Amino acid sequence: LSSLQTALGQDNSTTATTTPGGRLPSRGGEASDLLPENTTTATVVEEQQLQQQTELTETLVADLARQAAVEILSYYIAPASTFGWTINEDLMQEDIATLAQEGFITDPNDPTEISSVQSFLFIEDPSRYFMETNDVRRIDSSAVFGGSGFIVTPQGHIVTNAHVVAGADVSAERREEISSAMIDDAAFVLAQEDLNQISQLTGLNIDIDILSDLELANVLSALQLFYAARIEIDQQGLLQRIFVNGIAIPEPADPELPGLEARLIGGAATGLPFPGRDVGIIKVDITGQAGQNLPTLPLGGGISTLKTLDDIIIVGFPGAISDNPLFTEVTNPVAISAKVGGLYEILGIITPEGTGWTAIQIGTSLSGGISGGPALDRSGNVIGIATFGISDPETGGTIPGIGFLVPTDIIREFLATANIQPQESRFTVLYRDALVNFYAGNYEEARNILQELQGISPNNQDISNYISRATTIS
């Protein structure tokens, strides 16, 4: 964290409509420049629309979506302060005297025995002996909100959930959510520091190297609770920075940063977190050719086009995998297959905007980190973004097999407010063309297109893998 804060400036087969020769109609620029003789622009538009409605294999949909899906890390950092603590020696002596009177201490005059009992009492119930001091401790607190998103313009506009990227200024509830997360972080850091020097701080003979895991957890938890109740966050000094990672996203120039920096398209372009219309838009700025040809995903027709049990694929970066120490660092998105379950109205009486909206229910639960990830139909069009699940009121855990999406109807409204027009990139046209040819068995043609794509996205591992596979098979 310290290095990060320093870096942040603080201490299968498929069917597709193709033109003659197996190539899809347009490869960027003016469509008329790429048309076979006697082909009209109107024909191209018709073929593009037909292609967008053509059912694709799940593999092809997922591979196309992987390019435009991104991981989003929204960092919040602010100064924080709290009061320190010391041992309440008077209370400790009272407890020692009581134990001696009750016969639990063999020799009250034996300093070794008394020292051992004092250490035992503190380890058993640390909070009992904490006494607040007037010493002020200062720390840079931080919080990270992780999620997913997808690129909608070749220039790098990205759609995600508001609860992933919204700033503290959008609502009092959001400010409280961020502050709470920052307090938890600061309390943990301070508690860990104190635990490592607990003997010096208490004046007791406590060797943390011989304490059991349960004893260590007990002391650490008590310290965290002490600090969490007293930490104050300096809201005026709050800094937010957003970073993105993805298959087609270049590495940041500064290796200490957790991704390529993006900026929030604020104002009315950012919605309110659920139960609000939970949409946020960010923009990543990339220089050179790649910055004008980022992979994109098209938006579908909206909830009126959906049917119960339609197949969908969700692509994103679930935290249950990304943050799990059992796995290596997750740098690629995962794909999850699900079905549309139905449409449900979010009551206006509970929304911060005061107006209701329609959510898409799907037959899979959604874990943290995949929020904002695109949900696509079998034509590869985005129908919504993964947003929330349902909690069991008795256990507090997420009910399996139920998740909800914010539909593209709402996404389009926010994009229009920000004057952002979704647009298919030349990269995406080429990449879809290459994959359609690959799965149709046209390996040489696919390889030629993929090699052209390497000029746009030179370090793209998926492109390299497909070139290798096409070369081996052909």
Side-chain angles (χ1 to χ4, degrees), residues 1-6 8 10-11 75-99 104 113-146 168 175-235 237-239 319 323-325 368 396:
L1 179 61
S2 60
S3 61
L4 173 62
Q5 289 174 334
T6 299
L8 293 180
Q10 286 193 288
D11 235 343
Y75 282 80
Y76 303 86
I77 298 176
S81 61
T82 185
F83 292 106
W85 62 273
T86 187
I87 286 286
N88 189 330
E89 296 183 358
D90 292 340
L91 181 58
M92 179 72 75
Q93 292 305 317
E94 289 177 14
D95 289 347
I96 292 290
T98 300
L99 291 174
F104 289 102
E113 183 178 6
I114 296 301
S115 176
S116 178
V117 173
Q118 288 176 322
S119 298
F120 171 80
L121 289 173
F122 178 81
I123 292 168
E124 282 293 300
D125 190 3
S127 298
R128 176 174 173 79
Y129 302 104
F130 289 149
M131 184 169 66
E132 183 181 301
T133 70
N134 292 324
D135 297 331
V136 177
R137 298 188 64 177
R138 304 188 187 280
I139 184 175
D140 282 333
S141 60
S142 66
V144 185
F145 287 65
R175 183 164 56 253
E176 178 62 27
E177 180 184 24
I178 294 172
S179 294
S180 179
M182 298 178 77
I183 288 172
D184 288 346
D185 172 79
F188 177 80
V189 172
L190 291 170
Q192 192 66 63
E193 290 178 358
D194 288 2
L195 182 62
N196 291 333
Q197 51 181 341
I198 199 68
S199 182
Q200 299 94 310
L201 291 172
T202 61
L204 302 176
N205 185 23
I206 301 175
D207 186 353
I208 64 172
D209 292 330
I210 64 174
L211 295 183
S212 68
D213 290 343
L214 183 59
E215 290 171 330
L216 287 170
N218 188 44
V219 176
L220 184 63
S221 176
L223 288 165
Q224 286 181 259
L225 289 171
F226 174 88
Y227 285 120
R230 294 163 174 82
I231 291 174
E232 293 187 359
I233 303 297
D234 178 7
Q235 297 289 345
L238 180 63
L239 170 70
D323 300 332
N324 196 311

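From a predicted model like this one, the values you see are computed outputs, not experimental measurements.
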What distance do [X] atom [atom1] and [Y] atom [atom2] have between them, rounded to the nearest 0.5 Å?
X    : Y    : atom1 : atom2 : answer
T82  : R230 : OG1   : CZ    : 7.0 Å
L223 : W85  : CG    : CH2   : 6.0 Å
Q197 : T202 : CD    : OG1   : 10.5 Å
S179 : I183 : OG    : CD1   : 6.0 Å
Q118 : I206 : CD    : CD1   : 9.5 Å
N134 : F83  : CG    : CZ    : 6.5 Å

A side-chain contact here means heavy atoms from C-beta on lying under 4.5 Å apart; do [X] and [Y] qualify?
X    : Y    : value
I233 : I178 : no
D194 : R137 : yes
L238 : R175 : no

Distance-minimising heavy-atom pair for [X] and [Y]:
X    : Y    : answer
F226 : G84  : CZ-O, 3.5 Å
L220 : Q192 : CD1-N, 3.8 Å
I96  : L121 : CD1-CD1, 3.8 Å
P126 : A222 : CB-CB, 3.7 Å

Polar side-chain atom of [X] near backbone of [Y] as donor-acceptor pair, under 3.5 Å:
X    : Y    : value
S141 : A78  : yes
N88  : M131 : no
S180 : E176 : no

Taking [atom1] in [X] as the centre, count heavy atoms belonging to other residues, nucleotides or ligands within less than 6.0 Å. Is the count above 12?
X    : atom1 : result
E132 : CD    : yes
D207 : CG    : yes
E232 : CD    : no

After noting the C-alpha distance and the side-chain angles of L190 and I231, does the key distance pass the side chain to side chain contact (heavy atoms under 4.5 Å, CB included) rule? CA-CA 10 Å; L190 291 170; I231 291 174; 4.3 Å; yes
Applying side-chain hydrogen bond (donor to acceptor under 3.5 Å, both in side chains) as the test, list every pair that has at least one member in residues 120-131; sequence neighbours left out.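 Residue pairs passing side-chain hydrogen bond (donor to acceptor under 3.5 Å, both in side chains), neighbours aside: D95-R128, D95-Y129.
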S119 and N205: CA distance, side-chain angles, deciding distance, side-chain hydrogen bond (donor to acceptor under 3.5 Å, both in side chains) verdict: CA-CA 6 Å; S119 298; N205 185 23; 5.9 Å; no
